[in-house]
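Heads up: the structure comes next, in structure tokens.
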Amino acid sequence: MKPFQIYNSLHRAVEEFVPLRPGIVTFYSCGPTVYLPQHLGNMRAYVFVDTLRRALRFNGYDVRHVMNITDVGHMTSDADAGEDKIEKTARAQGKSPREVADFYIAQFKRDCASLNIELPPAAPAGDHPAPPQSALCRATDNIDAMIAVIGRIVANGYGYVTPSGVYFDVEKWRGPGGAGRLARQSLAEQHAGQRLEHSPDKKSPHDFALWVLNQPHHLMQWDSPWGRGYPGWHIECSAMSMKYLGETLDLHSGGLDHIPVHHENEIAQSESATGHPFARYFVHNAFLVGMEGAKISKSAGRFPVLDDLIAAGINPLAFRVLCLGAKYRSELAFSIDSVRAAEKNIDYLNEFARNLNETALSSEQDADWTAEYAERFCEALNNDLNTPQALATVLEMVAQAYRLRDQRIWNTLQNFDDVLGLDLKKKLFESSTGLEPPEISRLVKEREEARERKDFARSDELRNQLDAMGYLVKDTKKGSVVTAKRSAT
RNA sequence: GGCGGCGUACCCAAGUGGUUAAGGGAGAGGUCUGCAAAACCUCCAUGCAUCGGUUCGAAUCCGAUCGCCGCCUCCA
């Protein structure tokens, strides 16, 4: 099997993936900010993270995955001014910041479950030195770790303390005229803070806050060696990745928009604190765009969420298939029609799984002809996560099974589904009959009797009646089966 | 101003130097079926924004033009 290859934003090239220690991958992915629901654009990013994690596991790696939850520190204007968005929501809703965060975290977890996105387990309390471990961690639970990192940065001479906060000295870090490693823009080229008021305490407009002081109106404040305040918005990622995964990460993911500022600053902070390389592979996903081609974003105000799809009677996993149908580095156009098209794929695969016969299921050895598909699947997957081709391979294999009337593909299909995350296994023994209300069963039975009498007028009448009640009747060789159309789950 | 990306059939979307340009949806015809549904078969881009160039050969590399979008402020 070809080794896993992935596009590394640090070098702007597809590279063979080699983790620092054999067999183990430390993976940090930027998680949600929890002051609003996650829109579908956000969810695309998490589907990507999940798929990447599954692909690594498929390649035999033990993935230690950390995702942060930002429940503090994102300002409406800049790191050193403006109102914390969580606090803003809290004031608007008359809740505490923690309550606001809890609410949106619960919603996020629900959405992830609907999309079969496996999240890391909640971070356990206390200190966690090596070995690296998976964790879903909240910023506000890790203030100590952040303070520790800021302390190291200041001790190393890359941070300076002022009355309004502790700032990171970007020019000192980059050197004169230095360009960012990811964005490849020099400081002069970046019109940083051009449209913003910035604190006069900063040596340079490019400098960013590590710790913010003297903002008495903020609800969330913590004591620190520099005074009471709160963390800047980049530091949580440096601190938590280091705490749970170690000082050098194998993989770091995030949205494309994080390249020039957030990740650039994370690298600077982390490396100035530790003296070690921060992350060896940076991967960035492209945006989901609306029908007009415009980015879907929180700040734009209106955005579709997963519940909108569910309310429209669409299987949430259709959205997952939609995501898998495009490369993670390509913009993906979202529309109800594109999701519905993806839903057909889900229906197709589910139907196949549902109708698998016992012989095919119990066969330990898949048909010889599946090997070719397995090879194509791996190749696509390991080629910078080419999920569209991987998905196409799966669909073609199932079509081939139908064509050859040879269902011995389940082992292979299941391996594929471990990566795709469509939960086909769940459909295996899902009976099409016996679960519906007695009233429905009665009508189906009556219709079967009508068919036996060749009373097709009555038969069609009953089919229409069942259809109106939300049930689809199919006549098979083994008799009539009924399924609920677009049921709630 | 700087940086980056995109433009492939009605729609979504792979392919990035070399057999007939994946796959899905929609559409058309067919097999099967009492009729449907499901499934399968056939058809559906001599062409990949436009114009030049490099090459034996380009959707794929280079240049120009047009159009769209993102980032440089929180945002996946």
Side-chain angles (χ1 to χ4, degrees), chain A residues 12 29-33 35-36 38-49 70 73-79 81-82 84-85 179-180 183-186 188-196 198 233 253-262 264 284-289 291-300 303 321-322 325-335 337-345 347-348 351-352 355 376 380 386-396 398-399 402-403 405 451 454-457 459-460 463 467 472-477 480-481 483:
Chain A
R12 299 193 185 190
S29 55
C30 283
T33 51
Y35 60 93
L36 281 174
Q38 302 302 301
H39 56 64
L40 289 176
N42 298 126
M43 296 318 292
R44 182 194 185 191
Y46 304 123
V47 169
F48 160 63
V49 166
T70 301
H74 279 192
M75 307 305 136
T76 48
S77 61
D78 192 10
D84 184 306
K85 286 184 177 178
R184 300 204 179 156
Q185 280 189 288
S186 70
E189 285 164 345
Q190 274 183 314
H191 292 201
Q194 182 176 254
R195 287 176 286 167
L196 302 168
H198 61 267
W233 75 281
S253 79
L256 220 49
D257 53 339
H258 280 328
I259 292 177
V261 177
H262 184 51
E264 206 73 80
H284 294 99
N285 65 278
F287 296 120
L288 186 72
V289 298
M291 279 163 288
E292 318 79 22
K295 175 189 171 191
I296 292 170
S297 71
K298 284 187 181 173
S299 46
F303 45 80
V321 171
L322 178 70
K327 290 275 321 257
Y328 73 94
R329 289 196 286 127
S330 299
E331 271 185 359
L332 172 59
F334 170 80
S335 69
D337 285 345
S338 61
V339 185
R340 289 215 188 272
E343 192 178 29
K344 300 280 183 177
N345 293 153
D347 291 344
Y348 179 72
E351 187 68 6
F352 180 82
N355 296 325
R376 279 172 57 195
N386 193 329
T387 51
Q389 283 188 351
L391 184 63
T393 304
V394 175
L395 294 170
E396 285 180 52
V398 172
Y402 275 118
R403 214 173 290 138
R405 296 175 202 286
R451 289 187 70 225
K454 308 269 185 214
D455 182 355
F456 297 122
S459 163
D460 289 348
R463 191 215 301 280
D467 184 76
L472 181 71
V473 190
K474 297 178 193 172
D475 299 325
T476 70
K477 283 173 191 161
S480 297
V481 293
T483 47

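Everything quoted here is computed from the prediction, not taken from an experiment. Proteins come first, then strands; the chains are lettered A, B, ... in the order of their sequence lines, and each starts at number 1.
- Under a 3.5 Å cut-off, the side chain of Gln38(A) and the backbone N or O of Thr33(A) do form a donor-acceptor pair.
- No engagement by Arg405(A) is indicated, since no non-hydrogen atom pair under 4.0 Å with the nucleic acid exists.
- Here, G70(B) and U65(B) have their P atoms 22 Å apart, quoted to the whole Å.
- Taking atom P on both C72(B) and A14(B), the two are 25 Å apart, rounded to the nearest angstrom.
- Under the 3.5 Å distance criterion, the side-chain polar atoms of Asp467(A) are left unmatched by any main-chain donor or acceptor of Arg463(A).
- Summarising the geometry of Leu472(A) relative to Lys474(A), their closest heavy-atom pair is CD2-CE, 3.8 Å, with the distance given to 0.1 Å.
- When all heavy atoms of Tyr46(A) and Cys30(A) are compared, the pair lying nearest together is CE2-O, 3.7 Å.
- Shortest non-hydrogen contact noted between Lys327(A) and Pro388(A) is N-CG, 3.6 Å.
- Interface remark: the Arg463(A) side chain does form a donor-acceptor pair with the A36(B) base, using a distance-only criterion of under 3.5 Å.
- Nucleotides C6(B) and C48(B), compared at atom C1', are 14 Å apart to the nearest Å.
- Taking every heavy atom of both residues into account, Leu332(A) and Ala326(A) meet most closely at CD1-CB, 3.7 Å.
- Across all non-hydrogen atoms, the minimal contact from Glu331(A) to Val289(A) is CD-CG1, 3.6 Å.
- Closest to the side chain of Lys474(A), out of A37(B), C72(B), C35(B), is A37(B).
- If you run side chain to side chain contact (heavy atoms under 4.5 Å, CB included) between Leu322(A) and each of Leu40(A), Val339(A), Val47(A), only Val339(A) comes through.
- At the heavy-atom level, His258(A) lies under 4.0 Å from the strands shown only through sugar-phosphate atoms.
- Taking atom C1' in both A76(B) and A38(B), one finds a spacing of 38 Å when rounded to whole Å.
- Distance CG (Asp460(A)) to C1' (G34(B)): 8 Å, rounded to an integer number of Å.
- Taking side-chain N and O atoms only, Tyr348(A) has a distance below 4.0 Å to OP1 or OP2 of C40(B).
- With hydrogens and angles left out, the side chain of Thr393(A) and the base of G23(B) share no donor-acceptor pair within 3.5 Å.
- A distance of about 46 Å separates the P atoms of A64(B) and A28(B), rounded to the whole Å.
- Contact of Asn345(A) with G23(B) (side chain to base): no donor-acceptor pair of N or O atoms is detected under 3.5 Å.
- Taking only distance into account, the side chain of Arg340(A) never meets the base of G25(B) through a donor-acceptor pair shorter than 3.5 Å.
- Considering only side-chain N and O atoms, Arg329(A) lies nowhere under 4.0 angstrom from the phosphate OP1 or OP2 of G5(B).
- At the heavy-atom level, Ala399(A) lies under 4.0 Å from the strands shown only through sugar-phosphate atoms.
- The main-chain N or O of Phe334(A) is never found under 3.5 Å from a side-chain atom of Ser338(A) such that the two would form a donor-acceptor pair.
- In this structure, Phe456(A) reaches the bases: a heavy-atom distance under 4.0 Å links it to at least one base atom across the strands shown.
- Going from the C1' atom of C61(B) to that of A26(B) covers 35 Å, rounded to whole Å.
- Rounded to whole Å, atom P of A26(B) lies 11 Å from atom CD of Glu343(A).
- Considering every non-hydrogen atom in both Arg329(A) and His284(A), the closest pair reads CG-O, 3.9 Å.
- For Glu396(A), the side-chain atoms get nearest to A22(B) when compared with the rest of A22(B), A76(B), C41(B).
- Secondary structure note: stems in RNA chain B built from 3 or more consecutive Watson-Crick or G-U wobble pairs under 3.5 Å occupy B:1-7 with B:66-72, B:10-12 with B:23-25, B:27-31 with B:39-43, B:49-53 with B:61-65.
- When rounded to the nearest whole Å, the span between CZ of Phe287(A) and C1' of C71(B) equals 8 Å.
- Of the residues near RNA chain B, Leu391(A) and Leu256(A), the one whose nearest nucleotide (by heavy atom distance) lies more toward the 5' end is Leu391(A).
- Ring orientation note: the planes of Trp233(A) and His258(A) are tilted relative to one another, at an angle of 30° to 60°.
- For C68(B) and U8(B), the C1' atoms lie 16 Å apart once the distance is rounded to whole Å.
- Val473(A) comes within 4.0 angstrom of a nucleotide base, judged by non-hydrogen atoms across all strands.
- A salt bridge between Arg403(A) and Glu396(A) is absent, with no side-chain N of the basic residue lying under 4.0 Å from a carboxylate O of the acidic one.
- Of the two residues contacting RNA chain B, namely Tyr46(A) and Ala457(A), the nearest-nucleotide position lying further toward the 5' end is that of Ala457(A).
- Counting non-hydrogen atoms under 4.0 angstrom, Arg44(A) reaches nothing in the nucleic acid.
- Atom name C1', nucleotides A59(B) and U16(B): the rounded distance is 8 Å, in whole Å.
- For Leu395(A), whose side chain is taken as the heavy atoms from C-beta onward, the closest listed nucleotide among A76(B), G34(B), G24(B) is G24(B).
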Which atoms of nucleotides 12-16 of chain B (N or O only) lie under 3.5 Å from a protein N or O atom, and what are those distances?
| unit_1 | atom_1 | unit_2 | atom_2 | d |
| --- | --- | --- | --- | --- |
| A13(B) | OP1 | Ala333(A) | N | 3.0 |
| A13(B) | O2' | Gly325(A) | O | 3.1 |
| A14(B) | OP1 | Lys327(A) | N | 2.6 |
| A14(B) | OP1 | Ser330(A) | OG | 3.2 |
| A14(B) | O3' | Asn386(A) | ND2 | 3.3 |
| A14(B) | O2' | Gln389(A) | NE2 | 2.9 |
| G15(B) | OP1 | Asn386(A) | ND2 | 3.2 |

